[in-house]
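What follows is a short report on a single structure.
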Amino acid sequence: MVTQINNNFLIVMAGGVGSRFWPFSRSKEPKQFLDILGTGKTLIQQTIDRFDGIIPRENIFIVTNEDYKAIVKSQLRFLKDDQILLEPVGRNTAPCIAYGVSKISTVNQNANIIVCPSDHVILDTTEFQRVINEGMKYVSDNDSLLTLGIHPSRPDTGYGYIQFHHDENTIKKVKTFTEKPDVDLAKTFIESGDFLWNSGIFIWNINSIESALEKYLPEVSELFFSDKTKYYTKQENDFIRSVYSQCRNISIDYGIMEKASNVYVFPSDFGWTDLGTWKSLYETKKKDNDNNVVDGKVLLNETNNCIIKSDGDKLMVVDGLDNYIVVQHGDVVMICRKEYEQQVKNFVTDIRQNKDLSKFI
């Protein structure tokens with residue numbers, strides 16, 4: 001159990017399977033546990049490193065699937081078992097966050113909590129830490145649900161958008177949330193100057209989020225807060241299994257952020273990318289003279305604007321392609337036009353439903 005008094009806590013959401021990053025991201029080893037960027041560290045390791053000096057390591061909690069406990073322990077060796085919160089089944093972000101918040105509440109009722117995904121790219125760590133520190137100070141003094149918004153650089157249809165009130169304050173009150181608009185609406189958002197990308201990174205004090213859960217998701221709140229004496233005991237896993245068997249699937253955005261009146265956004269620019277798709281990796285990486293992103297043993301001819309990635313075990317020869325994703329990992333090769341990248345998740349669904357092919361997921 002947490003023993004020292006420190007009010008800064010971190011909940012890292014690490015339970016997803018990253019199906020849009022298939023075939024590198026697989027059910028046994030999702031993308032958050034891979035070194036996608038070739039830095040020598042996995043995405044979840046990079047996520048934790050960004051909070052050095054802000055969050056004591058004993059105040060970090062990882063919420064993940066039961067199947068990933070061993071890999072979490074192997075990649076984040078400083079964690080104790082009590083800091084790895086195991087979900088028996090994915091129920092989206094609201095239950096994930098409710099689990100973390102309810103457990104933290106048993107040890108610190110003055111906690112200021114950051115919630116973040118485990119698989120994002122942030123290029124400017126110094127600016128990120130400045131924003132985090134300022135956001136933590138803000139929520140410690142205000143009853144607010146704060147999210148970090150990113151200044152958009154293009155009309156991306158894969159991101160959610162946040163509309164905010166214009167005023168002189170650094171942190172703005174939120175008007176509306178819009179989830180993944182079509183390209184014409186996204187262009188309108190960009191041109192208006194009133195919208196930010198939704199980063200999915202949240203900051204709040206524990207009383208604000210507890211009140212919001214109780215008001216807007218009372219059935220979820222009741223499940224997780226019904227018997228907090230089970231936390232930090234041998235009964236916790238059985239308790240959580242029972243909770244998840246009764247808990248509905250719902251996101252924190254839909255369940256709370258789109259409904260609450262005390263939602264604010266911190267407009268930010270720290271080199272953020274939601275590394276959710278192959279195209280997002282393409283946008284992040286350095287290009288060659290033909291505007292290709294290449295990783296692995298690859299020979300190209302008359303190929304432009306592509307992302308080509310292999311695991312290095314096989315030579316890939318690519319000729320005459322423009323604007324494609326070409327990926328080889330283990331026993332799978334995927335070739336897909338970049339503009340159809342959102343179909344990758346559908347490929348995974350189709351393969352999972354085919355008994356002869358399901359081993360490739």
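Below, each value reflects all heavy atoms present in this structure, side chains not excepted, and no hydrogens, waters or symmetry copies.
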Cut-off 3.5 Å, side chains only: do Thr125 and Gln129 have a donor facing an acceptor?
no
Less than 4.5 Å apart, any side-chain heavy atom of Asn292 and any of Val298?
no
Please name all residues satisfying side chain to side chain contact (heavy atoms under 4.5 Å, CB included) with Lys173, sequence neighbours left out, ordered by chain then number.
His165, Tyr264
Of all pairs that satisfy salt bridge (charged side-chain N to carboxylate O under 4.0 Å, His left out), the ones with a partner from residues 261-273, not counting sequence neighbours
none
Listed partners of Phe51 passing ring pair (Phe, Tyr, Trp, His ring centres under 6.0 Å), at least two apart:
Phe128
Side chains of Pro23 and Val327, heavy atoms from C-beta outward: is any pair under 4.5 Å?
yes
Below 4.0 angstrom, N of the basic side chain to O of the carboxylate: do Asp49 and Arg57 qualify?
yes
Inspect the contact between Asp313 and Lys297 and indicate whether a charged nitrogen and a carboxylate oxygen are less than 4.0 angstrom apart.
no
Identify whether Val318 and Tyr324 are in the same connected component of the hydrophobic contact network (ILVMFWY, side-chain heavy atoms under 4.5 Å).
yes
Quick one: pull up CD in Glu58 and NZ in Lys80 and give me the separation to the nearest 0.5 Å.
8.0 Å
If you round to the nearest 0.5 Å, how far is CD1 of Ile122 from SG of Cys116?
7.5 Å
Take Asp81 and Lys73 through the side chain to side chain contact (heavy atoms under 4.5 Å, CB included) test and state the conclusion after the steps.
CA-CA 8 Å; Asp81 284 351; Lys73 292 190 71 171; 2.9 Å; yes
Donor-acceptor pairs under 3.5 angstrom involving side-chain atoms of residues 87-101: please list them, not counting sequence neighbours.
unit_1, atom_1, unit_2, atom_2, d
Glu87, OE2, Tyr244, OH, 2.6
Arg91, NE, Tyr244, O, 3.4
Arg91, NE, Cys247, O, 2.8
Asn92, ND2, Asn249, OD1, 3.2
Thr93, OG1, Ile252, N, 2.8
Tyr99, OH, Glu236, OE2, 2.6

Asp194: partners by salt bridge (Lys or Arg N to Asp or Glu O under 4.0 Å), with sequence neighbours left out
none
Quick one: do Val12 and Ile71 end up in the same hydrophobic cluster if we chain Ile, Leu, Val, Met, Phe, Trp and Tyr together by side-chain heavy atoms under 4.5 Å apart?
yes
Hey, any chance Trp272 and Ile132 share a hydrophobic cluster, counting ILVMFWY side chains that come within less than 4.5 Å of each other, even indirectly?
yes
Is a donor from one side chain sitting under 3.5 angstrom from an acceptor on the other, for Ser102 and Tyr231?
yes
Among all residues two or more places apart in sequence or in another chain, which pass the salt bridge (Lys or Arg N to Asp or Glu O under 4.0 Å) test with Asp184?
none
Take atom NZ of Lys137 as the centre, draw a 6.0 Å sphere, and report whether it contains more than 12 heavy atoms from other residues, nucleotides or ligands.
no
So, do Leu300 and Leu321 sit near enough that their side-chain heavy atoms are less than 4.5 Å apart?
no
Do Lys28 and Asp67 meet the salt-bridge criterion of a basic N to acidic O distance under 4.0 Å?
no
Not counting sequence neighbours, which residues clear side chain to side chain contact (heavy atoms under 4.5 Å, CB included) with Glu302? List them please.
none
Under-4.0 Å salt bridge between Glu341 and Lys338:
no
Return the minimal non-hydrogen interatomic distance between Arg154 and Ile190, and the atom names on each side.
O-CD1, 3.6 Å
Any donor-acceptor pair under 3.5 Å linking the side-chain atoms of Asp319 with those of Asn301?
yes
Side chain to side chain donor-acceptor pair (under 3.5 Å) assessment of Asn207 paired with Gln109:
CA-CA 7 Å; Asn207 295 311; Gln109 269 301 139; 3.2 Å; yes
Among pairs that include at least one residue of residues 76-97, which meet ring pair (Phe, Tyr, Trp, His ring centres under 6.0 Å), considering only residues two or more places apart or in two chains?
none
Under the 3.5 angstrom rule, does the side chain of Lys287 hit a backbone N or O of Tyr282 as a donor-acceptor pair?
yes
Has Glu222 got a side-chain atom pairing as donor or acceptor with Phe224's backbone, closer than 3.5 angstrom?
no
Please verify the inter-ring angle class for Phe9 with Phe61; under 30° counts as parallel, over 60° as perpendicular, anything in between as tilted.
parallel
CA sep, side-chain torsions, deciding dist, call: Thr157, Asp182, side chain to side chain contact (heavy atoms under 4.5 Å, CB included):
CA-CA 6 Å; Thr157 59; Asp182 62 34; 5.5 Å; no
Inter-residue atom distance Leu357.CG - Asp350.CG, 0.5 Å rounding:
10.0 Å
Heavy atoms, side chains only, cut-off 4.5 Å: are Phe202 and Met257 in contact?
yes
Do Ile11 and Val131 sit in one hydrophobic cluster, given that two such residues count as connected whenever their side-chain heavy atoms are within less than 4.5 Å of each other, even indirectly?
no
Between Arg130 and Glu134, is there a side-chain N and carboxylate O pair less than 4.0 Å apart?
yes
Does Pro267 have any side chain to side chain contact (heavy atoms under 4.5 Å, CB included) partners at least two apart in sequence or in another chain, and if so, which?
His151, Lys172, Leu196
Decide side chain to side chain donor-acceptor pair (under 3.5 Å) for Thr273 and Glu283; before the verdict, give the C-alpha distance in whole Å, the side-chain angles of both, and the deciding distance to 0.1 Å.
CA-CA 9 Å; Thr273 300; Glu283 299 288 349; over 6 Å; no
Determine whether Phe21 and Ile308 fall in the same hydrophobic cluster, where Ile, Leu, Val, Met, Phe, Trp and Tyr are linked whenever their side-chain heavy atoms lie under 4.5 Å apart.
no
Side chain to side chain donor-acceptor pair (under 3.5 Å) between Ser242 and Gln246, intermediate numbers included
CA-CA 7 Å; Ser242 174; Gln246 304 171 67; 3.3 Å; yes
Are side-chain heavy atoms of Val263 and Ile162 found at a separation under 4.5 Å?
no
Please tell me if the side chains of Asn304 and Asn291 come closer than 4.5 Å, counting only heavy atoms from C-beta onward.
no
Scan residues 201-219 for pairs that pass salt bridge (charged side-chain N to carboxylate O under 4.0 Å, His left out), counting only residues two or more places apart or in two chains.
Glu219-Arg248
With sequence neighbours left out, what residues match Ser208 under side chain to side chain contact (heavy atoms under 4.5 Å, CB included)?
Asp143, Leu145, Asn205
All salt bridge (Lys or Arg N to Asp or Glu O under 4.0 Å) counterparts of Arg26, not counting sequence neighbours
Asp331
